[in-house]
Number of protein chains: 2
Amino acid sequence: MNKASDPEREYPRPIVTVDVVLMTLLDDVLCVALTSRRSEPWKGHLALPGGYVHVNEDLSLDDAARRVLEDKAGVRIAYLEQLYTLSGPSRDPRGWSVSVSYCALVPAEEIRASLKADVSMVPVSKLSALPFDHRRIVDVAVTRVQNKASYSSLPAFLLPETFTLAELQHVYERVLDARLDRVSFRRKIEDQGFVEPVKGEFRKGAQRPAQLYRLRKHVLSSFDRAFATG
Amino acid sequence: MNKASDPEREYPRPIVTVDVVLMTLLDDVLCVALTSRRSEPWKGHLALPGGYVHVNEDLSLDDAARRVLEDKAGVRIAYLEQLYTLSGPSRDPRGWSVSVSYCALVPAEEIRASLKADVSMVPVSKLSALPFDHRRIVDVAVTRVQNKASYSSLPAFLLPETFTLAELQHVYERVLDARLDRVSFRRKIEDQGFVEPVKGEFRKGAQRPAQLYRLRKHVLSSFDRAFATG
DNA sequence: TTAATAGTGTCTCTAAGACAGTATCCG
DNA sequence: CGGATACTGTCTTAGAGACACTATTAA
């Protein structure tokens with residue numbers, strides 16, 4: 001019945017690309033990096049940074065994603081996570097294709113310091129249509145980030161090395177798009193213990209200085225319980 | 001610096017396969033379907049059902065996963081979810097390969113009724129080494145299922161169309177490998193409202209009959225709050 | 001009636017939210 | 001000192017666990 005199930009036969013191979021949703025918080029707004037495509041299809045249009053897997057160079061898809069980021073953005077990546085793999089015969093005019101999508105987070109300072117000229121940061125709320133199914137990929141990325149933010153240390157990767165608890169709470173609130181209780185936030189963050197105070201270091205301003213904290217480990221930590229849904 | 005970044009050049013394409021972790025609860029034990037490989041590499045060894053993407057036949061990777069399941073198992077799939085995409089130059093001796101892994105859940109009754117002869121169900125706790133990186137894929141699948149079980153209706157897909165709340169609690173306990181409080185469980189399940197009683201239908205036994213329930217929608221529903229970790 | 005499982009009422013306890021208080025800086 | 005922000009103590013409240021109770025069947 002199923003002639004194609006002959007296990008010895010080799011099949012024509014699909015195209016394999018990686019596409020990266022590079023996100024940061026610029027002026028309190030969650031933004032995505034878009035590049036102007038240098039080749040067909042969609043040459044000249046803004047799209048997610050991405051490209052072919054280089055089988056003679058990349059040791060993994062993660063590797064390919066990092067290479068793409070290095071090439072397009074040249075930024076220190078605080079966090080990289082595989083998102084989802086999209087596929088089909090018609091999503092790319094070059095033929096049956098597989099796109100392994102990634103989500104990357106960087107602190108705003110990195111973006112400001114070292115972004116290439118042909119990359120622009122666009123607020124996720126102001127995204128118009130994108131080539132291929134890149135719009136869907138961005139939606140998956142935003143949903144994933146918001147989801148993980150509710151029960152993990154993920155938003156901390158949008159901040160520099162050291163930060164105050166007020167700054168940390170602010171990033172959580174921006175990513176989750178929700179208000180968090182100040183007391184509960186401190187309690188929870190301190191209980192979970194994924195940050196530690198940097199002894200003797202304070203953020204100084206016009207008011208009382210605030211204790212600076214840093215991540216204990218530079219990996220994602222999950223909480224015992226999620227933030228309330230509000 | 002990066003000679004390989006020429007955007008016009010086509011690159012050699014990796015092999016693309018799908019591998020499926022088909023799981024069910026057989027006699028209260030979480031089991032995974034393994035098939036004896038019909039071709040090299042690892043011919044004759046037990047491995048996850050999987051195969052090449054057929055670009056002239058499959059409309060998506062999900063499609064390919066369903067085809068593989070149809071071919072190897074011939075079962076009605078209650079739940080199918082993409083897991084993770086593994087990759088690398090050496091995970092498959094045939095060359096640089098990409099494996100898109102899937103997790104599928106089926107009720108035990110389906111398995112008992114219609115499993116093919118060369119497929120065996122093995123308890124996840126008794127898995128030995130598997131070819132390729134299939135062991136890692138199984139680990140990802142089990143972790144994902146346990147994770148989702150703690151905050152969604154996922155375990156319900158391991159049950160037949162109708163079930164009692166006691167049966168539902170039992171599958172949650174088996175999947176999570178934890179005891180759940182009976183009162184809290186009923187409260188939570190009823191509050192979340194993803195199941196509805198089938199009016200007038202009862203499971204009859206040697207004792208008081210139990211109300212039968214069914215899923216309201218045949219899609220995964222997430223809870224407001226997760227089951228406690230304790 | 002008894003054994004067994006289905007289902008409910010309610011107390012306790014934990015953790016999140018609310019709110020008011022104290023602490024420490026700048027000017 | 002006042003204004004502003006950092007940080008803390010504690011009351012209230014929502015939801016999970018514990019436990020005792022009632023309900024309904026077969027034998």
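By convention in this document, chain letters (A, B, ...) are assigned in the order of the sequence lines, proteins followed by strands, and residues within each chain are numbered from 1. Quick caveat: nothing in here was measured; it's all calculated off a predicted structure.
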- [ ] Please report, rounded to the nearest Å, how far the P atom of C:dC25 is from the CD atom of A:Glu201.
- [x] 15 Å
TODO: Could you state the atom-to-atom distance from CG of A:Asp181 to C1' of C:dC19 in whole Å?
DONE: 10 Å
Task: Spacing between B:Arg186 atom CZ and C:dT10 atom C1', to the nearest angstrom - done: 16 Å
TODO: Check whether any side-chain N or O of B:Glu167 sits under 3.5 Å from a backbone N or O of B:Thr164 as a donor-acceptor pair, and report yes or no.
DONE: yes
Task: 4.5 Å side-chain heavy-atom contact, A:Glu161 and A:His218 - done: yes
Open item on the list: Expected output is a numbered-order residue list: members of residues 203-216 of chain A with a heavy atom under 4.0 Å from any atom of DNA chain D. What is it?
Closed with: A:Gln207, A:Arg208, A:Pro209, A:Ala210, A:Gln211
- [ ] Send over the distance from B:Leu180 CG to D:dA18 C1', rounded to a whole Å.
- [x] 14 Å
TODO: Indicate yes or no: at least one non-hydrogen side-chain atom of B:Cys103 is less than 4.5 angstrom from one of B:Val145.
DONE: yes
Open item on the list: Would you say B:Ser99 and B:Asp19 are linked by a side-chain donor-acceptor pair, where the criterion is simply a distance under 3.5 Å?
Closed with: yes
Open item on the list: I'd like to know if A:Arg214 pairs up with A:Glu196 as an ion pair, taking the criterion as any Lys NZ or Arg NE/NH1/NH2 lying under 4.0 Å from an Asp or Glu carboxylate oxygen.
Closed with: yes
Open item on the list: Could you tell me how far apart B:Glu190 (CD) and D:dA16 (P) are, to the nearest whole angstrom?
Closed with: 13 Å
- [ ] Please examine the side chains of B:Leu215 and B:Leu159, heavy atoms only from C-beta on, and report whether any two atoms are closer than 4.5 Å.
- [x] no
Open item on the list: A quick test of your reading: do over 12 heavy atoms of other residues, nucleotides or ligands sit less than 6.0 Å from CZ of B:Arg203?
Closed with: yes
Open item on the list: Counting only heavy atoms and a strict 4.0 angstrom limit, can you tell me which residues of residues 159-173 of chain A come near DNA chain D?
Closed with: A:Ala166
Open item on the list: Using a 6.0 Å cut-off, check whether atom CZ of A:Arg216 has over 12 heavy atoms from anything other than its own residue.
Closed with: yes
Task: A:Arg91 side-chain N/O to A:Leu86 backbone N/O, donor-acceptor pair under 3.5 Å - done: no
TODO: Hey, can you tell me if A:Phe132 and A:His134 have their rings parallel, tilted or perpendicular (30° and 60° cut-offs)?
DONE: tilted
Open item on the list: Closer than 4.0 angstrom, basic N to acidic O: yes or no for B:Arg135 and B:Asp139?
Closed with: yes
Task: Between P of C:dG7 and CZ of B:Arg182, the distance in whole Å - done: 9 Å
- [ ] Write down the distance between CZ (B:Arg179) and C1' (D:dA18), rounded to a whole number of angstrom.
- [x] 13 Å
Distances for protein N/O vs nucleotides 9-15 of chain D N/O pairs under 3.5 angstrom?
none

